[in-house]
Amino acid sequence: MVKVSNRQKPHGKVSSFKNTNYQFDIAADKMNLDESMRVLLKTPFREVTVQIPVRLDDGRLVVFLGYRVQHNGARGPQKGGIRYHPDVDLDEVKALASLMTWKTALVDIPFGGAKGGVTCDPTQMSSLELERLTRKFISRISIVLGPYRDIPAPDLNTNAQVMAWIMDEYGAHYGHTPSIVTGKPLHLGGSKGREQATGRGVVFVIREAARDFKLDLKGATMAIQGFGNVGSNTALLAAEAGSKVLAISDVQGGIYSAKGLNVSKVLEHAKRQGSVGGYREADAISNEDLLELKCDILVPAALGGVITKLNADRIKARIVAEAANSPTTTSADEILNDRGIHVLPDILTNAGGVTVSYFEWVQNLQQFQWEENQVNSELEKIMVRAYVQVREVARKERVPLRTAAYMLAIRKVAEAEKLRGNEPLDPRISSTILQKRPIR
Ligand code: NAD
């Protein structure tokens, strides 16, 4: 095998895709992965950019940009969420798509990785505008979607309602196809337990890791950045498990209580007010201070790149559980590792969402519904199995959990590529023949 080390730490304005591939290369170096296999596994299979003209409620026509990146489909149909956010660009979508490839491989569900996004600010758009945007986006990328090709799901600022519009729009072109998208409302073929799945998976992984790090989840203190689908469900389930949630935040800021927050009450307040801010039985805290709070477990569950070399030295948690995708930059990751802070990597920690999306897809194809306890117990089995495998590789290879997770995932995708015929060196051709053959 050819030995390559082409790692160069991303610097300047950090590209999300370079960040992700930097983590890939750390694991690939450890595995002595062949150069051509690296290129095959790092390069996205397909990148689509579309213009999305949308008529706003006031009559103006605005042209948005939308992306769908299919990163790798060697292990099955490509799978990944759709994000609506002003910072979305092709680079970010490529990074998120590659994370999906490693995530689905790591938890061993038969999917590849994809991601989509639209550069827009959904907080400034009406529901009708969002519906028009979603329908136009889907009609323009539907040619590369399909239940056995590429299946979208919710992500930042998209929810079950958006998934319902996606199913409806796809169905208008290709006929009723519930298995085209996951994270749908229950009445349209959604799975019981999908809404809570990512948060539930986060808590399963934290529970297993806490036990290994001799930390009792019951009574453990926690700070959670982000109170959307992932953050709120993580908070609710962690509180149910007996943890003390000290702080919670959203895009507008955070709240803190040394006694611990009543998460259900905070959720009711946030639903009423549109934000956790102003909750009476707590003090205000900024998003920056929340990350640096003294607690046992820090859960970034909002945006990427929030733990950087500028604040990594001041993180005081014992465990950072990456519920968001890529919340830790590569430099920060090294600082946290050096400081002995355990980082539970995103491709493991937040894989519960795509796992139950897989269950939803299976139920749609079988036209059958599972009970919620079946969904939750199958999810638990998968998350615990994945955590144990990652921990074992980390111990055996003496690498951080993130590198171990990548190593496990890369091995599976590389094997699938080889079996499909993409062997870096065709074993039937000896290297001597290769050397003698003239290059044309
Ligand atoms: P969401 O839109 O439901 O919630 C996002 C939350 O983050 C909101 O509370 C929002 O106010 C907050 N937020 C936004 N910008 C912020 C900022 N600058 N500072 C602090 N908070 C901010 O999104 P979600 O589905 O919960 O996704 C959150 C993260 O989890 C994303 O990184 C996403 O990629 C990842 N993720 C989501 C799923 C899923 O199933 N939804 C699965 C895996 C990973």
Side-chain angles (χ1 to χ4, degrees), residues 16 20 79-88 92-93 95-100 102-104 106-107 113 115-117 120-123 130 152-163 181-184 190-191 193-202 205 223-236 247-255 266-267 269-271 273-277 285-291 298-307 321-328 344-360 379 383:
S16 311
T20 309
K79 184 89 189 78
I82 290 186
R83 169 177 290 203
Y84 290 170
H85 196 273
D87 294 341
V88 164
E92 181 184 75
V93 178
L96 293 166
S98 66
L99 286 181
M100 290 305 296
W102 312 128
K103 203 178 295 186
T104 51
L106 181 62
V107 292
K115 201 79 178 190
C120 66
D121 186 354
T123 64
L130 279 176
D155 192 69
L156 206 62
N157 292 325
T158 57
N159 55 19
Q161 175 60 75
V162 177
M163 301 307 115
V181 63
T182 58
K184 299 181 294 292
S191 175
R194 173 62 184 88
E195 195 81 15
Q196 301 80 14
T198 309
R200 192 176 296 278
V202 170
V205 173
I224 302 179
Q225 182 185 58
F227 203 53
N229 174 293
V230 180
S232 66
N233 284 302
T234 301
L236 282 169
I248 289 174
S249 70
D250 59 33
V251 66
Q252 296 180 39
I255 52 172
V266 176
L267 190 60
H269 169 89
K271 279 188 180 154
Q273 304 294 327
S275 168
V276 297
I285 186 171
S286 69
N287 263 297
E288 292 73 26
D289 289 347
L290 178 144
L291 293 172
L298 172 65
V299 185
L303 300 181
V306 293
I307 303 177
E322 295 188 332
N325 284 311
S326 303
T328 314
L344 309 181
D346 49 7
I347 58 171
L348 169 68
T349 310
N350 69 31
V354 72
T355 301
V356 175
S357 273
Y358 163 57
F359 299 158
E360 181 175 332
L379 171 66
M383 297 304 293

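First listed ligand is number 1; within each ligand, the first listed atom is number 1. All values below come from the heavy atoms of this structure, side chains included, with hydrogens, waters and symmetry mates left out. Just so it is clear, the model here is predicted, and its values are computed rather than measured.
- Within the 3.5 Å criterion, the main-chain N or O of Val276 finds a donor-acceptor partner in the side chain of Asp250.
- Atom 5 (C) of ligand 1 has its closest protein heavy atom at Leu156 CD1, 3.6 Å.
- Here the side chains of Phe227 and Leu267 are in contact, with some heavy-atom distance below 4.5 Å.
- Here the side chain of Glu360 pairs a donor or acceptor atom with the backbone of Lys184 at under 3.5 angstrom.
- Proximity to Arg194 (heavy-atom distance under 4.0 Å) selects the following atoms of ligand 1: 40 (O).
- Atom 3 (O) of ligand 1 has as its closest protein heavy atom Asn229 N, 2.9 Å.
- Proximity of Gln196 to Leu236: side-chain heavy atoms (C-beta onward) are nowhere separated by under 4.5 Å.
- With respect to Pro300, the side-chain contact (heavy atoms from CB on, under 4.5 Å) criterion is satisfied by exactly one of Thr328, Ile307, Asn325, Ile224: Ile307.
- Of the polar atoms of Phe227, at least one N or O is found under 3.5 Å from an N or O of ligand 1, judged by distance alone.
- Residue contacts with ligand 1: Gln252 is excluded, as none of its non-hydrogen atoms falls under 4.0 Å.
- Under the 3.5 Å distance criterion, with hydrogens and angles disregarded, no donor-acceptor pair is assigned to the side chains of Thr158 and Arg83.
- Contact annotation: for Ser275 versus ligand 1, there are no heavy atoms closer than 4.0 Å.
- Side-chain N or O atoms of Thr349 include one that pairs as donor or acceptor with a backbone N or O of Leu344 at under 3.5 Å.
- Distance from atom 4 (O) of ligand 1 to its nearest protein heavy atom, with residue and atom name: Gly228 CA, 3.2 Å.
- The protein atom (non-hydrogen) at minimum distance from atom 2 (O) of ligand 1 is Asn157 N, 2.8 Å.
- Every N/O-N/O distance between Lys103 and ligand 1 stays at or above 3.5 Å.
- By the 3.5 Å distance cut-off applied to N or O atoms, Val251 is counted among the residues near ligand 1.
- Looking from atom 33 (C) of ligand 1 to the surrounding protein, the closest heavy atom is Asp155 OD1, 3.2 Å.
- With a heavy-atom cut-off of 4.0 Å, Pro327 does not touch ligand 1 at all.
- For the atom pair OG of Ser357 and CE of Met100, the computed distance is 7.5 Å after rounding to the nearest 0.5 Å.
- Looking at ligand 1, you'll find an N or O of Thr198 within less than 3.5 Å of one of its N or O atoms.
- Considering Asn350, Ile347, Thr104 as possible partners of Leu99, the one that fulfils the side-chain contact (heavy atoms from CB on, under 4.5 Å) test is Ile347.
- At a heavy-atom cutoff of 4.0 Å, ligand 1 is contacted by the side chain of Leu303 but not by its backbone.
- When hydrogens are left out, the protein atom nearest atom 28 (C) of ligand 1 is Ala301 O, 3.4 Å; that is the closest non-hydrogen contact.
- Asn233 places a side-chain N or O within donor-acceptor distance of the main-chain N or O of Glu195, the cut-off being under 3.5 Å.
- Residue Asp250 approaches ligand 1 through these ligand atoms, each under 4.0 Å from one of its heavy atoms: 9 (O), 11 (O), 20 (C), 21 (N), 22 (C).
- When only interatomic distances are considered, the shortest N/O to N/O separation between Ser249 and ligand 1 does not fall below 3.5 Å.
- For the pair Glu92 (side chain) and Ser16 (backbone), a donor-acceptor distance under 3.5 Å is absent.
- For ligand 1, the atoms closer than 4.0 angstrom to any heavy atom of Ala323 are 30 (O), 35 (C), 44 (C).
- For Asp346, the salt bridge (Lys or Arg N to Asp or Glu O under 4.0 Å) partners are Arg402, not counting sequence neighbours.
- Among protein heavy atoms, the minimum distance from atom 31 (C) of ligand 1 is reached at Ala302 O, 3.1 Å.
- Asn159 is not listed as a side-chain neighbour of Asn229, based on a closest heavy-atom distance of 4.5 Å or more.
- Residue contacts with ligand 1: Arg83 is placed with a nitrogen or oxygen under 3.5 Å of a nitrogen or oxygen of the ligand (distance criterion only).
- An N or O contact shorter than 3.5 Å is missing between Asn350 and ligand 1 by distance.
- Across Val230, Asn287, Ile347, heavy-atom proximity to atom 41 (N) of ligand 1 is greatest for Val230.
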